[in-house]
Amino acid sequence: MTVLVTGGAGFIGSNFVQQWLGARDERLVNLDALTYAGNLANLAALDGDPRHVFVRGDIGDRALTDHLFAEHQPRAVIHFAAESHVDRSIHGPDAFIQTNVVGTFSLLESARGHWDSLSSPDRDAFRFVQISTDEVYGSLAPDEAAFSEARAFAPNSPYSASKAAADHLVRAWFHTYGMPVVTTHCSNNYGAYQFPEKLIPLVIVNALAGAPLPIYGDGQQVRDWLYVDDHVDGVTRVLDAGRLGERYHIGGLNQLTNLDVVRTLCAVLDELRPKAGSYADQIRFVKDRPGHDRRYAMDARKIERELGWRPQHSFEAGLRETVQWYLDHQPWVEAVTSGAYRQWTTLQYGA
Ligand code: NAD
Ligand code: DAU
């Protein structure tokens, strides 16, 4: 048997691919366009493993995806591929619409063609797992209850609007065509292989370089942080046993302000890589993100009740492992922070 993973050279996708092949003896076809966020070095541990078939290509390339479905006959698609960074979506939304909306549409149509060609029991067993985000729900007030699966979408950024649009397509393919889909909505992930444009790896990389640690606005925005291994486990549970047409929330049960996250990171760095003074001295408040959502929080009781999933890593333990990973993988950091990365940080943060 074979599964098709999209975006498996990115942060969460590469963690998924490694955990999948570490735990199961099932072939995995990994379709990734290798944008700035995709990196084959994330998959170096799988070099020579015949169960991992890497294909460089675009999810929107219909001829390619039709060919992959025909050749590999996957029993499931786990769709991670996306443009994923909110700040980039503000500077340039085009790629977000192209990949997240048009690309997902094309992939869905290709998957539908494959699914239509199957007969029972393969047809009944087929799954399309859409990986989405808490950001499609918009922003919560400080005392408001966490987002439940019944909440209406109210996306506020080009990124979250593009993810919400894709989720609507997936939902409609279930209702209209009966496609066997299931959607996960996850909160903020952190862990190994995260590209240092996102808050936690950016702060680690800047701290070690003696550079400013930029906090947008007042730093009181709240996110619900989840260790990436727990997200991967949640997606696997949903693939194995999620009910068709349903949404499942995967949350960290761990709401923190950005300022608290950065201060905690600085304290871990002070301990693991001591220097004169504290890394917290490098914190700087900078211009806020336009349309910045104030708070996200996920009600993840449904996945716990139905599928027995709960996060297994505390924030303290997960963060410490993450900092240690970045300390131990300086060549990886140097490779991804060359060239185009500098152009991005100059555009976003100024010289
Ligand atoms: P990422 O940016 O690290 O990786 C995205 C991957 O998709 C990259 O390898 C990239 O090369 C690939 N890709 C982009 N466009 C493509 C295209 N057109 N065709 C094929 N491949 C393409 O993203 P991530 O943080 O790993 O997020 C993965 C998924 O999880 C996304 O769908 C994102 O919306 C969702 N998500 C992320 C988080 C988070 O905190 N990072 C939280 C919830 C949900
Ligand atoms: O909530 C899930 C989402 O989490 C995913 O869907 C997205 O793909 C992922 O990028 C992430 O989005 P965020 O915008 O929440 O993540 P980011 O790491 O960019 O920012 C986290 C918070 O930190 C946010 O409130 C903005 C703030 N921030 C971020 C950066 C990069 C700063 O204060 N300074 C920064 O330099």
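Each ligand, and each atom within it, is numbered from 1 in the order the structure gives. Note: hydrogens, waters and symmetry copies are ignored here, and every other heavy atom, side chains too, is used. As the structure is a computational prediction, the values presented were derived from the model and not from experiment.
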Taking the inter-plane angle between the rings of W325 and W332 on a 0 to 90° scale, is it parallel (under 30°), tilted (30 to 60°) or perpendicular (over 60°)?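 Perpendicular: the ring planes of W325 and W332 meet at over 60°.
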Ring-plane angle category for Y193 and H329, please: parallel below 30°, perpendicular beyond 60°, tilted otherwise.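 Rings of Y193 and H329: tilted, as their planes differ by 30° to 60°.
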Ligand 1: which protein N/O atoms lie under 3.5 Å from its N/O atoms?
residue	atom	partner	partner atom	Å
ligand 1	2 (O)	S84	OG	2.6
ligand 1	3 (O)	F11	N	3.0
ligand 1	9 (O)	G10	N	2.9
ligand 1	9 (O)	D32	OD1	3.2
ligand 1	9 (O)	D32	OD2	2.6
ligand 1	11 (O)	D32	OD1	2.6
ligand 1	11 (O)	L34	N	3.4
ligand 1	11 (O)	T35	N	3.0
ligand 1	11 (O)	T35	OG1	3.1
ligand 1	18 (N)	D58	OD1	3.1
ligand 1	18 (N)	T99	OG1	3.0
ligand 1	19 (N)	I59	N	3.0
ligand 1	21 (N)	A33	N	3.0
ligand 1	23 (O)	S84	OG	3.2
ligand 1	26 (O)	F11	N	3.4
ligand 1	26 (O)	I12	N	2.8
ligand 1	32 (O)	F80	O	2.9
ligand 1	32 (O)	K163	NZ	2.6
ligand 1	34 (O)	Y159	OH	2.6
ligand 1	34 (O)	K163	NZ	3.1
ligand 1	40 (O)	N189	N	2.9

Considering the options R243, R301, R247, which one meets the salt bridge (charged side-chain N to carboxylate O under 4.0 Å, His left out) requirement together with E306?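 With E306 as partner, salt bridge (charged side-chain N to carboxylate O under 4.0 Å, His left out) holds for just one option, R243.
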CA sep, side-chain torsions, deciding dist, call: R295, D134, salt bridge (Lys or Arg N to Asp or Glu O under 4.0 Å): CA-CA 10 Å; R295 175 175 165 241; D134 55 5; over 6 Å; no
Tell me whether the guanidinium CZ or amine NZ of K163 lies under 6.0 angstrom from the six-membered ring centre of Y159 and within 45° of its axis.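 Negative - K163 is either too far from the ring of Y159 or too far off its axis.
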Considering only residues two or more places apart or on different chains, which pairs with a residue in residues 67-77 satisfy side chain to side chain donor-acceptor pair (under 3.5 Å)?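 Qualifying pairs, neighbours excluded: E26-R75, R27-H72, H67-E71.
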Return yes when atom CZ of R151 has more than 12 non-hydrogen atoms of other residues, nucleotides or ligands closer than 6.0 Å, and no otherwise.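 Atom CZ in R151 is packed in, count exceeds 12.
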Would you tabulate the polar-atom pairs, meaning N/O of ligand 2 against N/O of the protein, with distances under 3.5 Å, reported to 0.1 Å?
residue	atom	partner	partner atom	Å
ligand 2	1 (O)	D134	OD1	2.5
ligand 2	1 (O)	E135	OE2	3.4
ligand 2	1 (O)	N188	OD1	2.7
ligand 2	4 (O)	N188	ND2	3.1
ligand 2	6 (O)	T133	OG1	2.7
ligand 2	6 (O)	Y159	OH	2.6
ligand 2	8 (O)	S84	O	2.7
ligand 2	8 (O)	Y159	OH	3.0
ligand 2	10 (O)	S84	O	3.1
ligand 2	12 (O)	E135	OE2	2.8
ligand 2	14 (O)	R289	NH1	2.7
ligand 2	14 (O)	R289	NH2	3.3
ligand 2	15 (O)	E135	OE2	3.4
ligand 2	15 (O)	N188	ND2	2.9
ligand 2	15 (O)	R223	NE	3.1
ligand 2	16 (O)	N188	ND2	3.4
ligand 2	18 (O)	L199	N	2.7
ligand 2	19 (O)	R289	NH2	3.0
ligand 2	23 (O)	N258	ND2	3.3
ligand 2	25 (O)	R223	NH2	3.1
ligand 2	25 (O)	N258	ND2	2.9
ligand 2	25 (O)	H292	NE2	2.7
ligand 2	33 (O)	Y216	N	2.9
ligand 2	34 (N)	P214	O	2.9
ligand 2	36 (O)	Y349	OH	2.6

For residues 92-102, dump all side-chain donor-acceptor pairs below 3.5 Å to protein atoms at least two apart in sequence or in another chain.
residue	atom	partner	partner atom	Å
N100	OD1	E83	N	2.9
N100	ND2	E83	O	3.0
N100	ND2	S162	OG	3.0

Could you check F11, F16, W20 and say which one makes a ring-ring contact (aromatic ring centres under 6.0 Å, His included) with F80?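 Single pass found, and it is F16.
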